[in-house]
Amino acid sequence: MNHRFDAGAETPDKTALIFEANDPTETPTSLTFSQLKTLVSRTANVLLSHGIKKGDRVALYLPMTFDLPISMLACARIGAVHSVVFGGFSSDALKARIKDSGSKVLITADGVGRGEKVINLKAIADAAMESLEEEDKVDHCLVLDRLNPEQLEANPTASNRDPTRDVDFKAAQAAASEDCPVTWMDAEDPLFILYTSGSTGTPKGVLHTTGGYMVYSGETFKNVFDYKGAPSDIFWCTADCGWITGHSYLAYGPLLSGCTSIVFEGVPNYPDASRFWSTVERHKVTQFYTAPTALRALMREGDEHVKKHDLSSLRVLGTVGEPINPAAWEWYNEVVGKGNCPIVDTWWQTETGGHMLTPLPGKWPLKPGSATLPFYGVAAALIDPASEEELEGNNVQGHLCMKKPWPGMARSLWNNHERFEEVYFSQFDGYFCTGDGAKRDEDGYYWVTGRVDDMLIVSGHNIGTAEVESSFVGHDDVAEAAVVGFPHEVKGEAIYAYVTLNHGVEGSEDLRFELKKQVAEELGAFCRPDVVHFTPALPKTRSGKIMRRILRKIADPSETEKLLAGDLECLGDTSTLADSAIVHDLVEGLREPC
Ligand code: WTA
């Protein structure tokens, strides 16, 4: 039997989405559920008329305007599989994702204003589309006009159109019929692919399916954000739909529940550090969901940016993406929430589809820095990596795993089910392995300690060290590179790269700049390394394995002083190194500006 899950159908005139543009002087617009449905149906018809049918993939490379969730839902309406690529990704990253997913239609825009900058999305999309091999090319590219005349004048290539391939998105939408019958899907049919970085190799196309994902994003949304259907509730998730958070808690969870939410195109610090709070006041936001990195950045700017706004509408405050340090938690609680709003520190992943460890507002006491307890139905477990046994009881620490499936769990990696089994299920027999480490304290509360593999979380974005390393090595002057994270006040973690240059090449300030730029261009600006440390060699064991433990210590600013004074104790045992003299060179390298 087909089950209609059509929350908005009962409240067609209720506001579904409110648009808050990058430029705060642009008047906010809104869409009711019935207007949203019309636009979704028109867009779905545009896709159908360009040859898209059930099961086909559509790549979306769009700014955070209404058109992004509309395009996602248009795919879902006709059973097409959307693959959203974050608008901060480079042309190479976009190309790889179009190719792997086999997308034959790309929806993009001429560009987008992000803070004071303008990103020429069309030029990036063109570079990606043109560099694809003939058999991987997209057939059609729908282009949304978003830039104003002034921005276009400064970015003339954003106006380039290939008449054989490019289609005016808005014109096609306006010309399409608003009647588009739903294509019924099986619960286990694919809904979307979302790429996430792996610790090795190419990005992983995490595959979510229709039934379980929607049940889980809807259910976690209602419970974790305490949404009981009050018409006055205005939910704001600041994440971009390019990430899973935007998928689950902007495009799906709130709309499935019939809740009004905000689509935010901007950044937290533009035009100034009060942007979040002025927007909360303007729209009377009740539940607010953001990332610790944004909170840390805003906290540094001083409390007056918060205090000058009326935030009395706020009821629940959420965080996601990385551990929240207790100082930022306290600030969020006291300065933003005035001590009246429970903080839901939600731990989850692209692969889990929705919240896994999280407080439920008012249901149990909070502890700053802990995601507290599993959501109902979630069977979390900690495994001791040495014995591979599950750790029973409290006061234990191990690898965070799940011992039972849950509705929102990813079903596969696109085109690579073998890799899915290997990455998530091969390490500990019978468990889904999250790749994070965690402690369970005396009260049974979970404290996530971070990744246990070679992944970095920079400003809440997952970055595989291997990806950054191969980008460095792609430069003609670079022989070898090793990348580690180091603690960063705002980003949480930042990228520190050790680079060995080819014989005869001298490290210089210019080369350092060029290398950072190359990585940012290839992988996206958020992957730009903070430090490039030139070294004659990397510390390796006799079997050739890089000892990252040593590199992490040398990169850690809190160890620098001791290391430079000749106290190398923090580096631990270095006797297994093939050439232990390298340690001295690396430490000496700290004297030079990197
Ligand atoms: C980290 C984002 C601590 C974690 C939804 C996880 C967190 C990775 C938290 C997934 C949290 C996410 N506390 N760490 N509340 N939330 N993480 O796939 O390492 O972009 O494995 O999904 O972010 O990142 P992803």
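Along the sequence shown, the residues carry numbers beginning at 1.
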**Study point:** W347/D436 under side-chain contact (heavy atoms from CB on, under 4.5 Å): CA gap, chis, key distance, verdict
**Key:** CA-CA 10 Å; W347 177 90; D436 278 12; 2.8 Å; yes
Check your understanding: For Y216 and H355, what are the C-alpha separation, side-chain angles and deciding distance, and is it a ring pair (Phe, Tyr, Trp, His ring centres under 6.0 Å)?
Key -> CA-CA 9 Å; Y216 203 64; H355 305 140; 8.2 Å; no
Practice item. Go through the steps for V81 and V58 under the test side-chain contact (heavy atoms from CB on, under 4.5 Å), then give the verdict. Key: CA-CA 6 Å; V81 180; V58 177; over 6 Å; no
Practice item. Dump the intermediate steps for side-chain contact (heavy atoms from CB on, under 4.5 Å) on C341 and V316, then the final yes or no. Key: CA-CA 5 Å; C341 304; V316 179; 5.8 Å; no
Point to revise | side chain to side chain donor-acceptor pair (under 3.5 Å) between D23 and Y270, intermediate numbers included | key: CA-CA 8 Å; D23 175 354; Y270 176 78; 5.4 Å; no
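Salt-bridge annotation for K54 and D189: present, with a side-chain N of the basic residue lying under 4.0 Å from a carboxylate O of the acidic one. Salt-bridge check for E20 with R282: passed, with a basic side-chain N closer than 4.0 Å to an acidic carboxylate O. A salt bridge does not link R275 to E265: none of the charged side-chain nitrogens sits closer than 4.0 Å to a carboxylate oxygen. Using a 4.0 Å cut-off between a side-chain N of Lys or Arg and a carboxylate O of Asp or Glu, D240 and R114 do not qualify as a salt bridge. A salt bridge links D67 to K170: one of the charged nitrogens lies within less than 4.0 Å of a carboxylate oxygen. Salt-bridge formation is detected for the pair D226/R315: a Lys NZ or Arg NE/NH1/NH2 atom is positioned less than 4.0 Å from an Asp or Glu carboxylate oxygen.
Panel note: side chain T346, backbone T358; no donor-acceptor pair is recorded below 3.5 Å. In terms of modelled atom types and a separation under 3.5 Å, the side chain of T260 and the main chain of T15 share a donor-acceptor contact. K104 places a side-chain N or O within 3.5 Å of a backbone atom of K137 that can act as its donor or acceptor partner. Using a distance-only test at 3.5 Å, with no hydrogens or angles considered, a donor-acceptor pair links the side chain of Q151 to the main chain of N148. Formation of a donor-acceptor pair under 3.5 Å by the Y213 side chain with backbone atoms of P190 is not found in this model. Side-chain atoms of S177 come within 3.5 Å of backbone atoms of D179 as a donor-acceptor pair (strictly under, hydrogens ignored). Under the 3.5 Å distance criterion, the side-chain polar atoms of K122 are left unmatched by any main-chain donor or acceptor of T108. Remark: the backbone N or O of T245 is not paired with any side-chain donor or acceptor of S248 at under 3.5 angstrom. For S313 (side chain) and V285 (main-chain N/O), a donor-acceptor pair under 3.5 Å exists by modelled atom type. A donor-acceptor pair under 3.5 Å is absent between the side-chain atoms of D92 and the main chain of E522, judged by distance alone.
For F425 and F432, the gap between ring centers is short of 6.0 Å. Between Y431 and Y424, the gap from one ring centroid to the other reaches at least 6.0 Å. Under the 6.0 Å cut-off for aromatic ring centres, F276 and F288 qualify, their centroids lying closer than that. For H82 and H247, the ring centers sit closer than 6.0 Å to each other.
Side chain to side chain, N120 and T157 meet the donor-acceptor criterion of an N or O pair below 3.5 Å. Between the side chains of Q287 and D233, at least one donor N or O lies within less than 3.5 Å of an accepting N or O. Residues Q173 and T43 have side chains that bring a donor and an acceptor to within less than 3.5 angstrom of each other.
A pairwise comparison of heavy atoms in Q35 and S30 identifies OE1-O, 4.0 Å as the closest pair.
Using a 4.5 Å heavy-atom cutoff, the side chains of K37 and R77 are in contact. Proximity of S261 to I18: side-chain heavy atoms (C-beta onward) are nowhere separated by under 4.5 Å. Between M402 and M356 there is a side-chain heavy-atom pair separated by less than 4.5 Å. You'll find the side chain of R57 reaches within 4.5 Å of the side chain of W414, heavy atoms only. Between L17 and L255 there is a side-chain heavy-atom pair separated by less than 4.5 Å. V85 places none of its side-chain heavy atoms less than 4.5 Å from the side chain of Y195.
Here the CG-SG distance, from L48 to C180, works out to 5.0 Å after rounding to the nearest 0.5 Å. Taking SG of C241 as the start and OH of Y249 as the end, the distance is 13.5 Å to the nearest 0.5 Å. Distance check, rounded to the nearest 0.5 Å: CD of E219 to CG of L256 gives 10.5 Å. Taken from CG in L47 to OG in S71, the straight-line distance is 7.0 Å, to the nearest 0.5 Å. Distance check: I98 CD1 to D136 CG gives 9.5 Å after rounding to the nearest 0.5 Å. How far CG of L132 is from NZ of K95: 6.0 Å, rounded to the nearest 0.5 Å.
Only one option out of Y332, W236, F221, F225 pairs with Y289 in a ring pair (Phe, Tyr, Trp, His ring centres under 6.0 Å); it is F225.
Between W243 and F86, the angle of the ring planes lies from 30° to 60°, which puts this pair in the tilted group.
Relative to the ring axis of F89, R97 places its NZ or CZ within 45° and under 6.0 Å from the centre.
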